Amino acid sequence: MTAPLHICIAGIGAIGGTLAACLTRGGASVSLIARGETLSRLRTHGLTVTEGDTTFTCHPAAAERAPGPMDVLFLAVKSHQLPDLLPAVLPAVGPDTLIVPIINGIPWWMTADDAPPAFRTLSPLLDPTGQLAAHLPARQIAGCVAYAFCAIEAPGQIRSLRPMRLVLGRSAPDTPDAPHAPGPTHDRLTHLAGLLNACGIDAHVTDAIHAEIWTKLATNVATNPLSVITGATLEAMATDPATRAIIRASLDEAIATGAACGISTLKPAETICAMMAAAGPHETSMLQDFRAGRTLETVAIGDALVALARALAVPTPIIDTLLGLVAFQRRSLARKEQTA
């Protein structure tokens with residue numbers, strides 16, 4: 001009989017909170033890392049997730065730091081928050097801990113020393129101090145892409161529109177040239193996926209995690225900045241002719257950049273547009289962050305992709321324009337707040 005997995009989740013926002021609630025409800029051994037008002041709420045009232053007409057409250061253990069080495073560590077925060085999170089999560093990282101970053105954009109581990117030259121140039125953007133590469137061993141990292149339609153209603157309170165889907169994969173899968181490449185084994189990922197599925201999370205393991213990451217990146221860069229500019233939901237942007245044309249053009253640019261990087265099996269732009277149209281009245285995480293006055297994920301989602309495109313001579317005029325308009329909107333809002 002397989003021993004139960006001890007899981008730590010760092011970052012109890014919309015995705016981390018939904019993941020924690022599903023695992024706890026399914027009987028998994030879960031501990032949470034949180035701070036501030038969220039930690040206080042978790043300790044006094046528990047974690048509450050609303051799915052449709054159903055509300056579920058659970059009470060997993062929560063603290064500011066990990067209690068000790070774990071079997072699995074989920075990092076469910078924004079890319080730019082990872083360096084500040086390190087001191088709190090490092091106690092969870094033992095020699096066999098499976099580290100699963102659930103982050104948008106290009107993850108720092110894709111810029112490792114053995115990565116293609118164009119990716120290595122992104123390290124100053126995605127891991128400016130080198131702390132992530134130094135403290136989170138590459139051989140223990142699993143690639144992960146999350147599809148979740150959820151939002152924070154208040155600290156420790158989350159609304160989820162539909163079940164979460166997670167795609168897992170080896171960060172460096174075996175190849176004929178590297179039969180013993182670093183990264184967790186397929187069996188370990190399959191074991192984790194089985195637990196997630198048993199807890200109501202649609203999870204599966206892929207041998208093409210880089211393509212999955214790039215498809216999600218293309219989706220994010222084509223919609224998140226545009227949502228900040230328009231204030232519209234995914235469904236609205238993907239079905240209106242004007243915004244759909246912008247999304248389609250952005251997707252083409254992002255897919256062309258991925259192809260230039262050697263990432264194959266990418267979904268076509270029209271397929272991704274159809275997925276967005278089916279998303280329903282969901283606001284992107286970047287729009288949610290913009291309205292809440294939080295830092296936006298433009299570096300990992302936008303700036304890193306544009307930097308890669310420049311290095312590979314792939315033109316990205318639409319993405320450049322969208323990122324420029326978001327920066328302009330943020331500056332305008334800051335000026336308004338200063339004069340208010």
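As the structure is a computational prediction, the values presented were derived from the model and not from experiment.
Sorted by first and then second residue, the side chain to side chain donor-acceptor pair (under 3.5 Å) pairs involving residues 270-285 (not counting sequence neighbours) are Ser227-Thr284, Arg244-Glu270, Arg248-Glu270, Glu283-Arg291. The stretch residues 295-304 participates, sequence neighbours left out, in these side chain to side chain donor-acceptor pair (under 3.5 Å) pairs: Asn104-Glu297. Within the structure, every pair that satisfies the salt bridge (charged side-chain N to carboxylate O under 4.0 Å, His left out) test and touches residues 15-35, not counting sequence neighbours, is listed here: Arg25-Glu51. Residue pairs meeting the salt bridge (charged side-chain N to carboxylate O under 4.0 Å, His left out) criterion with at least one member in residues 82-98: none, sequence neighbours excluded.
Looking at Asp127, its side chain never comes within 3.5 Å of a backbone N or O of Ser123 through a donor-acceptor pair. Checking side-chain atoms of Gln140 against main-chain N and O of Gly94 turns up a donor-acceptor pair under 3.5 Å. Put simply, the side chain of Thr24 gets close to the backbone of Ala20: a donor and an acceptor are under 3.5 Å apart. Judged by distance alone, with hydrogens and angles left aside, the side-chain atoms of Thr243 form a donor-acceptor pair with the main-chain N or O of Met237 at under 3.5 Å.
Residue Glu153 qualifies as enclosed at atom CD: its count of foreign heavy atoms under 6.0 Å is above 12. In Glu64, the CD atom is not crowded: 12 or fewer heavy atoms of neighbouring residues, nucleotides or ligands sit closer than 6.0 Å.
Contact of the His204 side chain with the Val167 side chain is registered, since non-hydrogen atoms from C-beta on lie closer than 4.5 Å. Annotation: side chain of Pro107 is not in contact with side chain of Pro101 (no heavy-atom distance under 4.5 Å). In this structure, the side chains of Thr219 and Met275 stay at 4.5 Å or more apart for every pair of heavy atoms. In this structure the side chain of Ile106 reaches within 4.5 angstrom of the side chain of Leu217, judged on heavy atoms. Put simply, the side chain of Asp71 does not reach to within 4.5 Å of the side chain of Thr97, judged on heavy atoms. Proximity of Cys273 to Ile247: side-chain heavy atoms (C-beta onward) are separated by under 4.5 Å at one or more points. With a 4.5 Å cut-off on side-chain heavy atoms, Cys22 and Val49 do not count as touching. Between Ile33 and Leu39, the closest side-chain pair of non-hydrogen atoms is not below 4.5 Å.
Rounding to the nearest 0.5 Å gives a distance of 11.5 Å between CD of Gln288 and CE of Met286. The CD1 atom of Ile213 sits 5.5 Å away from atom CE of Met110, with the distance rounded to the nearest 0.5 Å. Distance check: Thr18 OG1 to Ile158 CD1 gives 4.5 Å after rounding to the nearest 0.5 Å. Once rounded to the nearest 0.5 Å, the distance linking OG1 of Thr206 with CD of Glu212 reads 5.5 Å. With values rounded to the nearest 0.5 angstrom, Ser171 atom OG is found 7.0 Å from His210 atom NE2. Between Thr190 atom OG1 and Leu195 atom CG the span is 12.5 Å, to the nearest 0.5 Å.
Take Val314 and apply the side chain to side chain contact (heavy atoms under 4.5 Å, CB included) test, not counting sequence neighbours, and it matches Ala256, Thr257, Ala260, Ala309, Leu312.
A salt bridge links Asp289 to Lys78: one of the charged nitrogens lies within less than 4.0 Å of a carboxylate oxygen.
Of the options Ile209, Val100, Val145, a side-chain contact (heavy atoms from CB on, under 4.5 Å) to Leu168 is made by Val100 and by none of the others. Considering Ile141, Ile103, Ile102, Leu136 as possible partners of Leu75, the one that fulfils the side-chain contact (heavy atoms from CB on, under 4.5 Å) test is Leu136.
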Let me have the donor-acceptor pairs involving side chains of residues 318-325, under 3.5 Å, with sequence neighbours excluded, atom names and distances please.
from   : atom 1 : to     : atom 2 : distance (Å)
Asp320 : OD1    : Arg310 : NH2    : 3.1
Asp320 : OD1    : Thr316 : OG1    : 3.1
Asp320 : OD2    : Arg310 : NH2    : 2.5
Thr321 : OG1    : Pro317 : O      : 2.8

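Side-chain contact, Gln131 with Thr129: a donor N or O sits under 3.5 Å from an acceptor N or O.
Ring centroid separation for the pair His80 and Trp108 does not come in under the 6.0 Å cut-off.
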